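Quick note: residue numbers are just sequence positions, from 1. Computed from a predicted model, the values in this text were never measured in an experiment.
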Amino acid sequence: MPRTSPEVGGMGHSVKRKEDPRFIRGKGTYVDDLHLPGMLYLDIVRSPFAHAKIKKIEVSKALAIPGVLAVITGQDLARYNLHWMPTLMSDTQMVLPVEKVMYQAQEVAAVLATDRYIAADGAEAVEVDYEPLPVVVDAKKALEPGAPVLRTDKPGQTDNHIWHWQWGDRTATDRAFQEAEVTVQQEIYLPRIHVSSIETCGCVADFDKVEGKLTLWMTTQAPHAVRTVFALVAGHVGLAEHKIRIISPDIGGGFGGKVPVYPGYVIAVAASVLTGKPVKWIEDRMENLQADSFARDYHIAAELAAKKDGTLTALRIKTIADHGYTDAAANPSKFPAGLFHICTGSYDFKAAHVEVDGVYTNKPPGGIAYRCSFRVTEAVHTVERMVDLMAHQLGMDPAELRLKNFIKPEQFPYRSALGWEYDSGNYAAALHKAMEKIGYAELRQEQIEKRRRGELMGIGISSFTEIVGAGPSKHFDILGLKMFDSSEIRIHPTGKVTARFGTKSQGQGHETTYAQIIAEELGIPVADIQVEEGDTDTAPYGLGTYASRSTPTAGAAGAVAARKIREKAKKIAAYLLEANEEDLEWEPGKFFVRGTPAKAKTIQEIAFAAYTNHPPGIEAGLEAVSYYDPPNLTYPFGSYICVVDIDKGTGEVKIRRFVAVDDCGNIINPMIVEGQIHGGLTMGLAPALYEEISYDEYGNILGGSFIDYLLPTAVETPKWETDKTCTPSPHHPLGAKGVGESATVGAPAAIANAVVDALWHLGVRHVDIPITPAKVWKLLRESGVTD
Ligand code: MCN
Ligand code: CUN
């Protein structure tokens, strides 16, 4: 039951999204909607080769086109030492190449013109003479002795190995494996995928030569962090942090793809600084798909040990992480493999060990997330596949095996074998609810009968644990910037509110849910609260929106700032009511004298007094700021059950039912959470059955357009059946956990497990995602199914 009235609209109300009236009327302001006087346009020349020396760039034909003003090359940027830039993982990345290109579709040069189409014509007319070099696309081959060394620019780099990282107790894990009664092992490949948000990336850079100030509207999920990085990289050409204003306007989906800094942004800035004119750069769809950062590309070798009774004892994982030509992942600095070491999942493992090796290949920079908190999807997929494999191996029901090994409610806060402290959870409750809702027992019965008739039906479970809200400053930073987040709430004399946050919504509805948090704490109606994000000149410093961190960090900051305001409001109320502070009680929206409810002051009256009649000894005004450093991450979880039917003739997997029970603690807006889960499930379905970016041996991208890279549409998407349990976070001020990525993280394993469940009796043990009809058809034929 919500504490506030529907008019106030605090936590628990499905308040309609405040941002939607402008979105559904086409009145949003995206970067490409900006048109500044005298604006120039940039287009980018891209490499057809995956690895090649640049012998010559001939620009005369391009410059001869009327309207083409300049062609910018790596040599031009090198004059200002801007041809390389740092990545978020302290690697280096080319802005524009001087010597060689490292992947197909890499930026080679940029054309500046008076018009978008002239810029494109100019890019066509630039002639580049390449000398092809041997290409490395296979991460395993990249590690073989004798493989061509790709990063010849890095002194001391003698192979393609980037880093080795390990976590956990190797000795205890090895011992557990030696003593194990049963073990299973499996190689699992999670392919490269791409987020494909509706809006591609782009920016408008506007350098004011008189003020010496750069305003950069850009598609970024983390405006403040980007500003700091720009200041650190371009300080030597006069761009100091206070002279850079980054504005992240409306964003048409981020999903992790708008965390990195792409070369196009930097070139546009350089072009604006040099010309003193506004410069717009907007990627087209193919550029977005082919050259922006990718996710996954993990080659995982996993082993699981158990007792014969199904008690899980140890997990051991070795992984090769393909990062493309540079490690441009957006991970917390301390964790090069992100939060992959949450891979013990929802289970009470006594021992675990994980090793990851980062590798360079001739591919675009990889290692960002795809709606996933820094590699948690890879972790969940691995453990959920392995647990399922073990259940089948033991002839135990996969639900039963899970229930037997779940971390029990009374074990929270729970320290995992890999060192995480899970805040709260009740995994069995979520699984039981999902089983009940889907009719698990009946489905198993149906499956037996179908199997007798030769029909292929499978039931798959995924009982995932997420890890979101990075993060506590003790362990979490990006390039040294601690991962707190912020809120600044200002109450105006008439009781209306402007609130600013260090995060940046890309479609998640922050303008609504942050207002609800303030409404919850102060009793001010949501309609009276204006939420702003994404402008570094106005918003307090924050690390941005990704890893479902907004609610755990900035949302918490909002609650804390509102509580600070309430403290001050109480003093003002006591003054106005001529009462002792201790005698005042709060109910949403007002303070009243205990026992005399008629003697009350509303928050609006208090706000007015804060500017017109403030008490002696107390400063005027009513505002507060909070920089919230979370004491821990939040661990949302859920249990998903998927039922598939497989067509023996075509190998097509049809999802008949999909039940998703999620738990993200206390919910701010149930409708928004449900929307997040629906979208997230569809983004989990996508890589499970459709999406993959692969390369041929020459490094040509296969799947570089939507003809080959399949996004599920409404036609392919099943009806999602959602439900929830509620296990509040004990450390979050509102008991909330993040939820934005849960469904994408949890769904693929449920689908993959259902497919293997349908085929197990035929001898199939594993199938890598995406589970295409061709793959299943081949497995069926290999198992002798001819139908
Ligand atoms: N929420 C809530 N109650 C909770 C938890 C969350 O009401 N207990 C609400 C929040 O207030 C917020 C939304 O749900 O409005 C998501 O909150 P949260 O889980 O904190 O995640 P973030 O706001 O940090 O969003 C990031 C997350 C990520 S990392 C990806 S990727 C993703 C996702 O959100 N990208 C999205 N969902 C997306 N949705 C849209 N429309 N567009 C994207 O780009
Ligand atoms: Cu991880 S994709 Mo989201 O964190 O922006």
Determine, for [X] against [Y], whether the closest basic-nitrogen to carboxylate-oxygen distance falls under 4.0 angstrom.
X      : Y      : result
Arg227 : Glu241 : yes
Asp297 : Lys363 : yes
Glu511 : Arg17  : no

Is there a donor-acceptor contact under 3.5 Å from the side chain of [X] to the main chain of [Y]?
X      : Y      : result
Ser272 : Ala205 : yes
Asn331 : Ser333 : no
Arg549 : Met483 : yes
Asp535 : Ala539 : no
Asp327 : Ala329 : yes
Glu623 : Arg490 : no

Candidate list Asn669, Val531, Ile529, test side-chain contact (heavy atoms from CB on, under 4.5 Å), partner Gln516, passing option: Asn669

Should the pair Arg151 and Tyr360 be classed as cation-pi, given the thresholds of under 6.0 Å to the six-membered ring centre and 45° from the axis? yes

Face-on cation placement of Arg371 at Phe255 ring, 6.0 Å and 45° thresholds: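 Output no; distance or angle outside limits.
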
Hey, what's the ring geometry for [X] with [Y], parallel, tilted or perpendicular (30° and 60° as the breaks)?
X      : Y      : value
His224 : Tyr541 : tilted
Tyr709 : Phe706 : parallel
Phe374 : Tyr546 : perpendicular

Determine whether the aromatic ring centres of Tyr130 and Phe49 lie less than 6.0 Å apart. yes

What residues form a ring-ring contact (aromatic ring centres under 6.0 Å, His included) with Tyr325, not counting sequence neighbours? Tyr103

With sequence neighbours excluded, what pairs up with Tyr370 under the side-chain hydrogen bond (donor to acceptor under 3.5 Å, both in side chains) test?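 Only Glu691 meet the side-chain hydrogen bond (donor to acceptor under 3.5 Å, both in side chains) criterion with Tyr370.
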
Roughly how far apart are Thr361 OG1 and Asp322 CG, rounded to 0.5 Å? 3.5 Å

Checking Asp129 now: which residues fulfil side-chain contact (heavy atoms from CB on, under 4.5 Å) with it, not counting sequence neighbours? Lys55, Lys56

Restricting to side-chain contact (heavy atoms from CB on, under 4.5 Å), what partner residues turn up for Thr87, sequence neighbours left out? Met89, Asp91, Gln93, Thr326, Ala328

Would you give me the side-chain donor-acceptor pairs under 3.5 Å for residues 31-39, sequence neighbours excluded?
unit_1 : atom_1 : unit_2 : atom_2 : d
Asp32  : OD1    : Lys280 : NZ     : 2.9
Asp33  : OD2    : Tyr30  : N      : 2.8

List the steps and the verdict of salt bridge (Lys or Arg N to Asp or Glu O under 4.0 Å) for Arg46 and Glu287. CA-CA 9 Å; Arg46 291 179 184 273; Glu287 293 179 292; 2.7 Å; yes

Qualifying side chain to side chain donor-acceptor pair (under 3.5 Å) pairs with a residue from residues 196-212, counting only residues at least two apart or across chains: Glu199-Lys258

Step-by-step side-chain hydrogen bond (donor to acceptor under 3.5 Å, both in side chains) determination, Ser60 to Glu58: CA-CA 6 Å; Ser60 54; Glu58 179 54 56; 2.5 Å; yes

